[in-house]
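What follows is a short report on a single structure.
Only a predicted model underlies this, so the values are computations on that prediction, with no experimental measurement involved. All residue numbers in this chain count up from 1 along the given sequence.
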Amino acid sequence: MMKNIFLGPTRYWLALLITTLVVFLPGYNHMHVTDFNMFILIVFSISALLLFFILKTYKIGTQVTRDKW
């Protein structure tokens, strides 16, 4: 049932959850106001790591949308 809702590998959903938490916590502590440069460094770094992770673990033919190619 849940596989019909959440397409793609579980590791991508877990990585998205971890990324969201890592970006949310500094924002919750108002780092984006008090130390903007460090906040941007954290956001860009975690985004680059997530992109690298997805590009390295993606397998051709994995269904990532509901549309048929």
Side-chain angles (χ1 to χ4, degrees):
M1 177 72 179
M2 294 305 280
K3 265 205 171 301
N4 295 332
I5 298 171
F6 298 106
L7 297 178
T10 306
R11 65 181 173 268
Y12 291 167
W13 289 102
L14 289 174
L16 180 63
L17 178 66
I18 292 168
T19 300
T20 303
L21 287 173
V22 168
V23 171
F24 173 78
L25 290 175
Y28 184 73
N29 290 327
H30 306 288
M31 184 183 262
H32 61 288
V33 175
T34 58
D35 194 5
F36 184 74
N37 290 337
M38 181 59 76
F39 179 75
I40 290 298
L41 180 67
I42 290 170
V43 170
F44 284 172
S45 298
I46 197 70
S47 299
L49 287 173
L50 182 63
L51 181 64
F52 179 76
F53 172 73
I54 290 173
L55 289 175
K56 284 297 182 186
T57 60
Y58 177 74
K59 292 181 177 66
I60 304 254
T62 303
Q63 182 182 0
V64 293
T65 66
R66 296 191 193 296
D67 298 331
K68 298 296 179 195
W69 301 22

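None of Phe52, Tyr58, Phe53 except one satisfies the side chain to side chain contact (heavy atoms under 4.5 Å, CB included) rule with Lys56; the exception is Phe52.
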Residues 15-27, side-chain donor-acceptor partners within the protein, below 3.5 Å, at least two apart:
| unit_1 | atom_1 | unit_2 | atom_2 | d |
| --- | --- | --- | --- | --- |
| Thr19 | OG1 | Ala15 | O | 2.7 |
| Thr20 | OG1 | Leu16 | O | 2.7 |

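Taking the six-membered ring for Trp and thresholds of 30 and 60 degrees, His32 and Phe39 have ring planes inclined between 30 and 60 degrees apart.
Here Ile40 contributes atom CD1 and Ser45 contributes atom OG; the two are 10.5 Å apart, rounded to the nearest 0.5 Å.
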* To do: Go through the steps for Ile54 and Leu50 under the test side-chain contact (heavy atoms from CB on, under 4.5 Å), then give the verdict.
  => CA-CA 6 Å; Ile54 290 173; Leu50 182 63; 4.1 Å; yes
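Between Thr57 and Arg11, the shortest heavy-atom distance links the atoms O-NH2, 3.1 Å.
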